[in-house]
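Data first, discussion second: the structure below is written as structure tokens.
Positions are given from 1 along the sequence. Values in this document were obtained by computation on a predicted structure and should not be read as measured data. Because only heavy atoms are used, hydrogens play no part in the values below, and waters and symmetry mates are left out as well, while side chains stay in.
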Amino acid sequence: MAETRKTRPVSWIKAALKDFEAFPRDAQSVFLGALTIAADGGKADIAKPMHGLGSGVFEIAFAFRGDAFRVVYAVQFASGIWVVHAFQKKSTHGIRTPKT
């Protein structure tokens, strides 16, 4: 008997979607693939839990053509996946955010 997949819907905060749409198309494709994996109940290799924000909050990090892009999403078991933030890092000191 075939197994039924239970894909959760992916919803977006309006500001996050607007910022995401400004990402390069190739970067968008990578993020959408990772969000699809999350919607299917998995976790993409480029996603990691965000400590200190509670369980179920993840960050997808992707470097593309010398720039770093991030998407933050929350998994809610009853209602699905919520993308709450999308941004391009502006750090001039590598991957870490400067302490100042």
Answer whether the closest heavy-atom distance between the side chains of Asp19 and Gln88 falls below 4.5 Å.
no
Least distance between heavy atoms, Ala47 atom then Ile60 atom:
CB-CG1, 4.0 Å
What's the shortest heavy-atom distance between Glu21 and Gln28, and which atoms?
O-NE2, 3.1 Å
Solution key, residues 49-57 side-chain donor-acceptor pairs under 3.5 Å, sequence neighbours excluded:
none

Applying salt bridge (charged side-chain N to carboxylate O under 4.0 Å, His left out) to Lys18 and not counting sequence neighbours gives none
hydrophobic_cluster_shared for [Y] and [X], side chain cutoff 4.5 Å:
{"X": "Leu32", "Y": "Val75", "result": "yes"}
{"X": "Phe87", "Y": "Trp82", "result": "yes"}
{"X": "Phe31", "Y": "Phe58", "result": "yes"}
{"X": "Phe20", "Y": "Phe62", "result": "yes"}

Please identify each residue that fulfils side-chain contact (heavy atoms from CB on, under 4.5 Å) with Val83, with sequence neighbours left out.
Val10, Trp12, Ala16, Leu35, Val71, Tyr73
What pairs of residues pass the salt bridge (charged side-chain N to carboxylate O under 4.0 Å, His left out) test when at least one of them lies in residues 42-51, not counting sequence neighbours?
Lys48-Glu59
Restricting to side-chain hydrogen bond (donor to acceptor under 3.5 Å, both in side chains), what partner residues turn up for Arg65, sequence neighbours left out?
none
Within this structure, what is the CD1-CD1 distance for the pair Ile37 and Ile81, rounded to the nearest 0.5 Å?
11.5 Å
Under the criterion side-chain contact (heavy atoms from CB on, under 4.5 Å), I'd like the reasoning laid out for Asp40 against Thr36: C-alpha separation, chi angles, the key distance, then a yes or no.
CA-CA 6 Å; Asp40 286 340; Thr36 299; 4.1 Å; yes
Could you work out, with ring pair (Phe, Tyr, Trp, His ring centres under 6.0 Å) as the rule, every residue matching Phe69, not counting sequence neighbours?
Phe23
Among residues at least two apart in sequence or on other chains, which ones pass ring pair (Phe, Tyr, Trp, His ring centres under 6.0 Å) with Phe64?
none
